[in-house]
Amino acid sequence: MSVDGEAVRPRAETEETDEPGWEVDPDDDWALAVITTVGRQLRLRREAAGMRVVEFAKAVGYGEDMVYKVESGKRIPRPDYLDSSERILRAGGLIAAMKEDVKKVRYPKKVRDLAQVEGRAVELQLFNPLQIPGLLQTPEYARALLSMRRPAYALEEVERFIAARVARGAIFERDPAPELSFVLEEWTLRRPLGGEAVRRSQLEHLLELGQLPNVELQVLPLELEGHAGMDGGIEVLKFQDGSAIGRSPVVVNGRPVSDLRQLRILELRYGIIRTQALTPRESTVVIKKLLEET
């Protein structure tokens, strides 16, 4: 039944177990607006088709409780839910057209913003002394890393961050491809975060990415006594119009900067780090050796 046009779950209905990571962030206004609109459209389409919730739930392959949550904007619909809805309700492509925005809703707002900036970049320079950079992480490595956080993330937060990091990997498939440079600390490749199986998969992933013509991976060897990045990581993004954005923990507390003087400092430091690191060819040899040891 519905009250004022909104779907309301009967009290007697048994709650079904929700998979984490598909809740709507209550502080994300854009996500709330998208999911509310999608839910309303799904409800209107269902009602126009003359289907009751119980009938639609059976046809779509989900419980009635999930249908109520999706239609009331409290739950992000999975891709297969939208695909089935499109087919069952004969929506003529309307529901299918919502999939891209619904997909983005799962990602935390700050990660969406970062992905948008990365999507415009024609060149990226990245050094992270503490971990393998997010753009290079496998989902398993990311999950192990996020699970180490204290205070701990909720399971749904972990899954949202993982989905977002995987989606950011689209930068490697862009055409024309941006120039991507990464410098990795050797110790981050040696730490068996998540176990040896996770480490092995991560090393294999790095070797695959390193073969891309627009990607350069360099390793800072352990025997190096010091380097220009001891103060913290560096990230510089350059754009088609000649502008750039950079950030580092030691520059204005890690906030993004576009001031030319600050950018020159970041690029100088990154350039020195690259000269202190192994060449891409030498780095590949190191990664392969580490892989053989796992």
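Heads up: numbering here begins at 1 and tracks the sequence.
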Cluster overlap Leu217 with Leu212, hydrophobic side-chain contacts below 4.5 Å: yes

Plane angle bin for Phe56 and Tyr81 - parallel if under 30°, tilted between 30 and 60°, otherwise perpendicular: perpendicular

SB check Arg199 Glu140 (cutoff 4.0 Å): no

Close side-chain approach of Leu82 and Leu42, heavy atoms under 4.5 Å: yes

Heavy-atom check, side chain of Ile76 versus side chain of Val38, under 4.5 Å: no

Salt bridge Lys99-Glu86, side-chain N to carboxylate O under 4.0 Å: no

Shortest non-hydrogen contact between Val60 and Ser84, atoms and distance: CG2-CB, 3.6 Å

Shortest non-hydrogen contact from Val102 toward Val34: N-CG1, 4.5 Å

Any side-chain donor near an acceptor of the partner, Gln137 and His205, under 3.5 Å: no

Leu145 side chain near Arg165 side chain, heavy-atom distance below 4.5 Å: yes

Side-chain donor or acceptor of Gln276 paired with backbone N/O of His227 under 3.5 Å: no

Pair Glu186-Arg190, salt bridge (Lys or Arg N to Asp or Glu O under 4.0 Å): steps then yes or no: CA-CA 7 Å; Glu186 183 180 341; Arg190 290 183 174 275; 2.8 Å; yes

Closest approach of Arg247 to Gly254 (non-hydrogen atoms, all atoms of both residues): CB-O, 3.7 Å

Greater than 12 external heavy atoms within 6.0 Å of Glu196's CD: yes

Heavy atoms of other groups near Arg191 CZ, more than 12 under 6.0 Å: no

Test item: Arg149 side-chain N/O and Pro151 main-chain N/O as donor-acceptor pair under 3.5 Å: yes

Min side-chain heavy-atom separation Val286-Pro221 under 4.5 Å: no

Cluster link Leu203 to Leu220, ILVMFWY, side chain under 4.5 Å: no

Derivation and outcome, salt bridge (Lys or Arg N to Asp or Glu O under 4.0 Å), residues Arg200 and Glu292: CA-CA 9 Å; Arg200 181 178 183 81; Glu292 291 172 357; over 6 Å; no

Hydrophobic cluster identity match, Val122 and Leu126, side-chain contacts under 4.5 Å: no

Derivation of the side chain to side chain contact (heavy atoms under 4.5 Å, CB included) call for Thr284 and Lys288: CA-CA 6 Å; Thr284 296; Lys288 285 183 177 178; 3.7 Å; yes

Nearest-0.5 Å distance, CG of residue Asp259 to CD1 of residue Ile265: 8.5 Å

Min side-chain heavy-atom separation Arg269-Val250 under 4.5 Å: yes

Side-chain donor/acceptor of Glu282 to backbone N/O of Thr279, under 3.5 Å: yes

Charged N-O contact under 4.0 Å between Arg43 and Glu47: yes

Between Glu123 and Gln125: side-chain donor-acceptor atoms closer than 3.5 Å: yes

Shared hydrophobic cluster, Ile234 / Ile272 (ILVMFWY, side-chain heavy atoms < 4.5 Å): no

From CA spacing to verdict: side chain to side chain contact (heavy atoms under 4.5 Å, CB included), Asn128, Glu235: CA-CA 8 Å; Asn128 189 328; Glu235 182 175 11; over 6 Å; no

Nearest-0.5 Å distance that lies between atom CG in Leu206 and atom OG in Ser283: 10.5 Å

Polar side-chain atom of Ser147 near backbone of Arg143 as donor-acceptor pair, under 3.5 Å: yes

Euclidean distance, Leu224 CG relative to Met230 CE, rounded to 0.5 Å: 9.0 Å

Hydrophobic cluster membership, Leu136 vs Met148, 4.5 Å side-chain cutoff: yes

Residue pair Ile162 / Tyr141, side-chain heavy-atom distance below 4.5 Å: no

Glu185-Thr188 side chain donor-acceptor pair, cut-off 3.5 Å: no

Electrostatic pair Lys69-Asp65, nearest N-O below 4.0 angstrom: yes

Ser201 side chain vs Ala197 backbone, donor-acceptor pair below 3.5 Å: no

Backbone N/O of Val251 and side chain of Ser248: donor-acceptor pair under 3.5 Å: no

N/O donor-acceptor pair under 3.5 Å between Arg174 side chain and Gly119 backbone: yes

Arg52, CZ atom: more than 12 neighbouring heavy atoms under 6.0 Å: no

CD1 on Ile245 to CD on Glu118, rounded to 0.5 Å: 11.0 Å

Reported NZ-to-OG1 distance for the pair Lys74 and Thr36, which is rounded to 0.5 angstrom: 10.5 Å

Salt bridge (Lys or Arg N to Asp or Glu O under 4.0 Å) between Arg46 and Glu71, worked out: CA-CA 10 Å; Arg46 174 181 58 77; Glu71 292 187 358; 2.7 Å; yes

Least distance between heavy atoms, Trp30 atom then Val105 atom: CZ3-CG2, 3.8 Å

Point-to-point distance, once rounded to the nearest 0.5 Å, from CG of Leu237 to CG of Leu124: 5.0 Å

Less than 3.5 Å apart, which donor and acceptor atoms pair up between the side chains of residues 175-184 and the rest of the protein, not counting sequence neighbours?
residue, atom, partner, partner atom, Å
Ser181, OG, Tyr270, OH, 2.7

Arg87 and Asp83, any side-chain heavy atoms less than 4.5 Å apart: no

Heavy-atom side-chain contact between Gln218 and Arg274 under 4.5 Å: yes

Shortest non-hydrogen contact between Ala144 and Gly194, atoms and distance: CB-CA, 3.6 Å

Heavy-atom closest pair, residues Val70 and Pro77: CG1-CB, 4.0 Å

